[in-house]
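One structure is given below, encoded as structure tokens.
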Number of protein chains: 2
Amino acid sequence: MSPDITFVAALMADQARSRMLLALLSGKALTATELALEADITAQTASSHLSKLVEGQLLVVRKQGRHKYFQLQSLEVAQLLESLLNLSSVLTHPKARTGPADPLLRKSRVCYDHLAGELGVGLYHSLLEQQLLAEHSDQVMLTKLGVDFFTALGVNLAELEKQKRPLCKACLDWSERRTHLAGALGQWVLQDILNKGWAVRDNDSRVLHFHLKGMASFCKRYRFRTSSEALTGSD
Amino acid sequence: MSPDITFVAALMADQARSRMLLALLSGKALTATELALEADITAQTASSHLSKLVEGQLLVVRKQGRHKYFQLQSLEVAQLLESLLNLSSVLTHPKARTGPADPLLRKSRVCYDHLAGELGVGLYHSLLEQQLLAEHSDQVMLTKLGVDFFTALGVNLAELEKQKRPLCKACLDWSERRTHLAGALGQWVLQDILNKGWAVRDNDSRVLHFHLKGMASFCKRYRFRTSSEALTGSD
DNA sequence: CGGATACTTCGATGGCGGTCGAAGCAAAGT
DNA sequence: ACTTTGCTTCGACCGCCATCGAAGTATCCG
């Protein structure tokens, strides 16, 4: 018997709630007040909606003093949101290619907590081709070579593996129609990019702006070429 | 600016409408009366809902005499439905693997109009490995080798290419987290499987039941092995 | 041609749920 | 200790929309 899809759909069918969910798609944790501003509603209305989203298991909440920080519950929630964005975009602009219309978003964007878009997919497939990563059925895992590779990069794999989430997870990428890397390792990669200053997050969207040298370093590190080496952003 | 996702979500947030949409996920064309039965509502209510789904571009309708046949508008609609099914399933049964719970659905099922599940993914990747198919960015296309391969199978590629849809299209598979083949060629493959009697459709679900010999023939034809050669269904 | 069937339209009904003013509790700051 | 800020709860209001009886149009069949 099919699961009931109306429950989840209804949670996303409200303007205020959808705005808050989309604001969280960048993977950031936002407070109730910030989300109320995002959705342009009062604090009490936001409180009511957020309660529904948490009970509905689409969001998780963490309390710090008087502040409550909300985040998307899982990668699956993020993916559904991207899927909705995709279809909504197609219906609005039928001639558009799959995925976000914005070329910047297509190139590199934050999906939840990891790198997506052309660069995200390029990374994943490069790792596959170099046999650092292996797919088996719906599982993805590092090979022995891959373990050595990332260990040499300074990744504490033992620590990452202690997390409740899988180390490597395949995330379906809507702009590229292929897979990019999610999971603890995917998150590490994004964090590393940011820590190294190779790219910066866009405050108002999910775009990840790579610098010229940052892009080159990223591609060199993971050994692949992009379809275009031309970049936005300054060095 | 993000597209408005509430419109699509709201169309799927109603019990009656979601039932009708899911009934159409197998790719069949159903009449308004059949859909009203599916959703357990009166003809007038169904008419009202179907009108919304057609105007909302989730369904297309074809009139034959006094009968009106409805179908899902596109692969994207099917994919969003699968994505919703997936998350709804995860929320209901957190320990479940991604994708349908039913092993039969995971093995081989109809996704819209083509083969999905383990077999669908196996096919796609086998074609890639044999270099009959090539991926480039978000496009998928037959290679010269691939053209020869399918021509030798009796596929009229010139005819398929005349269709408004792409010949090959990557469809993201929720149970396998990888890609299976959609598009005109994906449809041809499914039709060929059915025409040859290698498998039969399940009347009450999207399961595709392969016969023992049919499975062997399919794997031999496309040159790949499944994780298990054991099958349900009789020869 | 008349009756049956498929589907549509109209309009009324009533349940649902988003919204916010008012009030309250908890944490932080002065 | 008092004030400010973050967030929650309560309850009333009102707009939205699914639903179906009634009636109508179009097509099919004997």
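Computed from a predicted structure; not experimentally measured. Order of the sequence lines fixes the chain letters, A, B, ..., with proteins taken first and strands second; residue numbering starts at 1 for each chain.
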Strand contacts (DNA chain C) in residues 40-59 of chain A, 4.0 angstrom heavy-atom criterion | A:Thr42, A:Gln44, A:Thr45, A:His49, A:Lys52
Roughly, in whole Å, what's the span from [atom1] in [X] to [atom2] in [N]?
X       : N      : atom1 : atom2 : result
B:Asp14 : C:dG17 : CG    : P     : 12 Å
A:Met20 : C:dG18 : CE    : C1'   : 11 Å
B:His67 : C:dC7  : NE2   : P     : 6 Å
A:Leu37 : D:dG6  : CG    : C1'   : 12 Å
B:Leu11 : D:dC16 : CG    : P     : 17 Å
B:Arg62 : C:dC7  : CZ    : C1'   : 17 Å
A:Gln64 : D:dC7  : CD    : P     : 11 Å

Verify salt bridge (charged side-chain N to carboxylate O under 4.0 Å, His left out) between A:Arg221 and A:Asp192, making sure each step is shown before the conclusion.
-> CA-CA 12 Å; A:Arg221 146 95 44 103; A:Asp192 191 52; 2.8 Å; yes
Is there a donor-acceptor contact under 3.5 Å from the side chain of [X] to the main chain of [Y]?
X        : Y        : answer
B:Ser108 : B:Leu208 : yes
B:Glu34  : B:Thr31  : yes
B:Ser18  : B:Gln15  : yes

Ranking B:Tyr69 and A:Gln15 by the position along DNA chain C of their nearest nucleotide, the one closer to 5' is B:Tyr69
For DNA chain C, whose closest nucleotide is more 5', that of A:Lys63 or that of A:Ala10?
-> A:Ala10
Step by step, work out the salt bridge (charged side-chain N to carboxylate O under 4.0 Å, His left out) result for B:Lys107 and B:Glu118.
-> CA-CA 5 Å; B:Lys107 189 75 177 184; B:Glu118 188 184 320; 3.4 Å; yes
State whether B:Lys68 places a side-chain N or O below 4.0 Å from either non-bridging phosphate oxygen (OP1 or OP2) of C:dT8.
-> yes
Phosphate oxygens OP1/OP2 of C:dC25: is one of them under 4.0 Å from a side-chain N or O of A:Arg66?
-> no
Out of B:Lys28, B:Gln191, B:Arg165, which residue meets the side-chain hydrogen bond (donor to acceptor under 3.5 Å, both in side chains) rule with B:Asp113?
-> B:Arg165
Applying salt bridge (charged side-chain N to carboxylate O under 4.0 Å, His left out), run through B:Arg206 and B:Glu82 and close with a yes or a no.
-> CA-CA 12 Å; B:Arg206 296 187 287 138; B:Glu82 280 226 345; 2.7 Å; yes
